[in-house]
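Have a look at this one before I ask anything.
Values reported hereafter were calculated over all heavy atoms of this structure, with side chains retained and with hydrogens, waters and symmetry mates removed.
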Amino acid sequence: MKIWLAYPAASYTDSSDDETSPRDKQQKNSKGSSDFCVKNIKQAEFGRREIEIAEQEMPALMALRKRAQGEKPLAGAKIVGCTHITAQTAVLMETLGALGAQCRWAACNIYSTLNEVAAALAESGFPVFAWKGESEDDFWWCIDRCVNVEGWQPNMILDDGGDLTHWIYKKYPNMFKKIKGIVEESVTGVHRLYQLSKAGKLCVPAMNVNDSVTKQKFDNLYCCRESILDGLKRTTDMMFGGKQVVVCGYGEVGKGCCAALKAMGSIVYVTEIDPICALQACMDGFRLVKLNEVIRQVDIVITCTAPQPSVLKGNKNVVTREHLDRMKNSCIVCNMGHSNTEIDVASLRTPELTWERVRSQVDHVIWPDGKRIVLLAEGRLLTLSCSTVPTFVLSITATTQALALIELYNAPEGRYKQDVYLLPKKMDEYVASLHLPTFDAHLTELTDEQAKYLGLNKNGPFKPNYYRY
């Protein structure tokens, strides 16, 4: 039987033999460079092995690296990035480097960084500023170290969540005006860009890759269909059969979570504000409820609500203190959305409640009467805080990001104005086609007669922009 050990509530990061903050260490890689800040540069060899494994499941990026390496389409590009730092991200960064770009990188999530991968990137010469378990102050310090470099002016931004973009916009407005393009991959970050555009403050073109078909379907639907089970199983060792679960939100992420849990025998309820998504949930066989109706009986609460256009940091207080007070003993609470505002975790940091660390990313929050809930990742994104994402899925997302960067960087003047754009359909199809050989899949080709009859180019795009897959 597994025994859960309680750790002091004051500790909210992974335990380590070396608790010294990376900011206080003097580290150099084998080439003598110290332009990085990671947990332990000596872990580089282990990180390199993880990157090599990831390369095997990222066929499109490797193909792109091979096809475009001679042309160097990103020669002269100075990309500053803020994403999850994992083995898969490392493959993307090294691909961008192979295509001619210079990169500086920070993490978009304080818990998702793989320290050994960050070390491997630093050893390879990439200025990386990230480690697992950063404080909020560390988080912004790392971003600033990426941006504020003497003699280095970024001209491209790759962001996940919008924090890097807004940091440069607020703190370095002159630098922001010189940016050639922004690529954003998250719902939250895209809405923040649209807010800037609506206010007339977006002075550079931006590419919304979050709403590309490949990203929506694979990174949100197919990925979350697998990673929700992985994250819950790793953190709680629970069995899903017969458990009652409420999923807040039935967008692509919610659909993936619900499908996985239903397949495992869970009883799944859905909450929704959008009548179209709500109707889809009903047609897929899920009971549509208000959270208050089931909060006392469910075993698991999962938030995955998309941000509203008027809210910069995503939806807020989907699960409130009132909901948390009414939950049953040992109810598991977690978030599959990008923003940590969906669960009102701040309301739990009060004197009458006791926090008890169970294991990494798992806390008991204990009420005076002895009731406790199991809070995962302190309400932050479960997928990369407590589990891993299938590498093949990340290959699709990363290839989309790479192509968007190439497109914006090489676009002739005037093609893109100071606005937010969707990834061109032709590029979306190209990303998909690069992954088909993995399955030994063979596309049917239109004949000249068929193409003429349908009014299509034989090489695509095959669907209009308004088509919903």
Side-chain angles (χ1 to χ4, degrees), residues 53-54 56-63 83-84 86-89 91-92 112 160 185-188 190 208-234 240 245 247-266 268 270 277 280-281 283-286 302-306 334-338 381-404 422-423 425 427-441 443 463 467-469:
I53 292 173
Q56 306 308 310
E57 271 284 287
M58 304 187 82
L61 272 186
M62 301 309 289
T83 66
H84 300 283
T86 62
Q88 297 81 12
T89 308
V91 178
L92 169 62
S112 64
D160 183 350
E185 78 149 306
S186 76
V187 180
T188 304
V190 165
N208 165 13
V209 298
N210 177 75
D211 291 314
S212 65
V213 176
T214 44
K215 202 276 184 184
Q216 278 285 320
K217 293 297 180 185
F218 286 86
D219 198 35
N220 294 340
L221 175 60
Y222 299 126
C223 171
C224 293
R225 193 171 66 184
E226 299 194 17
S227 61
I228 181 62
L229 302 180
D230 183 26
L232 287 170
K233 184 71 76 175
R234 288 191 193 208
F240 299 106
V245 186
V247 177
C248 302
Y250 201 68
E252 297 289 353
V253 173
K255 288 179 174 70
C257 293
C258 289
L261 291 160
K262 181 180 180 182
M264 295 301 292
S266 298
V268 183
V270 172
C277 293
Q280 287 179 311
M283 294 302 293
D284 288 338
F286 299 107
I302 303 168
T303 56
C304 39
T305 57
C334 64
N335 171 41
M336 284 291 286
H338 183 92
L381 176 61
L382 177 77
T383 307
L384 280 170
S385 296
C386 304
S387 68
T388 59
V389 174
T391 300
F392 189 79
V393 168
L394 291 174
S395 175
I396 292 169
T397 302
T399 307
T400 304
Q401 291 170 314
L403 289 174
L422 290 173
L423 189 76
K425 179 73 70 173
M427 263 184 228
D428 231 342
E429 293 176 350
Y430 181 58
V431 171
S433 70
L434 286 173
H435 288 85
L436 289 175
T438 302
F439 305 102
D440 193 25
L443 276 174
K463 301 288 191 297
Y467 182 83
R468 293 171 182 166
Y469 290 80

**Asked** When you look at Leu229 and Leu261, which way does the side-chain contact (heavy atoms from CB on, under 4.5 Å) test go after all the steps?
**Response** CA-CA 7 Å; Leu229 302 180; Leu261 291 160; 3.9 Å; yes
**Request:** Specify the closest pair of heavy atoms between Ala404 and Val209, including all atoms of both residues, with the distance to one decimal.
**Result:** CB-CG1, 3.7 Å
**Item:** Donor-acceptor contact below 3.5 Å, side chain Ser395 vs main chain Thr391
**Value:** no
**Asked** Of all heavy-atom pairs between Leu92 and Ala402, which one has the smallest distance, and what is that distance?
**Response** CD1-CB, 4.0 Å
**Request:** Indicate whether the side chain of Thr86 and that of Thr89 have a donor and an acceptor atom separated by less than 3.5 Å.
**Result:** yes
**Request:** Apply the test side-chain contact (heavy atoms from CB on, under 4.5 Å) to residues Lys463 and Tyr469: give CA-CA distance (whole Å), side-chain angles for both, the deciding distance (0.1 Å), then the verdict.
**Result:** CA-CA 9 Å; Lys463 301 288 191 297; Tyr469 290 80; 3.2 Å; yes
**Asked** For the residue pair Arg225 and Ala260, what are the closest heavy atoms and their distance?
**Response** O-CB, 2.9 Å
**Complete:** Taken to the nearest 0.5 Å, the spacing of Leu423 CG from Glu429 CD works out to 10.5 Å
**Prompt:** Picking from Val187, Thr383, Asn220, what satisfies side-chain contact (heavy atoms from CB on, under 4.5 Å) with Val253?
**Reply:** Asn220
**Request:** Please name the pair of heavy atoms, one in Gly256 and one in Leu221, separated by the smallest distance, quoted to 0.1 Å.
**Result:** N-CD1, 3.5 Å
**Message:** I want to know whether Phe392 and Phe439 have ring centres closer than 6.0 Å.
**Reply:** yes
**Request:** Run the salt-bridge test on Asp211 and Lys215 with the 4.0 Å N-O cut-off and return the result as yes or no.
**Result:** no
**Request:** Determine yes or no for a side-chain-to-main-chain donor-acceptor pair under 3.5 angstrom, with Lys262 supplying the side chain and Asp284 the backbone.
**Result:** yes
**Fill in**
Shortest non-hydrogen pair, Phe286 vs Cys258, comes out as CZ-CB, 3.5 Å
**Leu394 backbone acceptor or donor facing Thr397 side chain under 3.5 Å** = no
**Request:** Start with the C-alpha gap between Met336 and Ser227, add the side-chain angles, then the distance that decides, and say whether side-chain contact (heavy atoms from CB on, under 4.5 Å) holds.
**Result:** CA-CA 10 Å; Met336 284 291 286; Ser227 61; 4.0 Å; yes
**Message:** Evaluate Thr214 against His435 for side-chain contact (heavy atoms from CB on, under 4.5 Å), listing each step before the verdict.
**Reply:** CA-CA 11 Å; Thr214 44; His435 288 85; over 6 Å; no
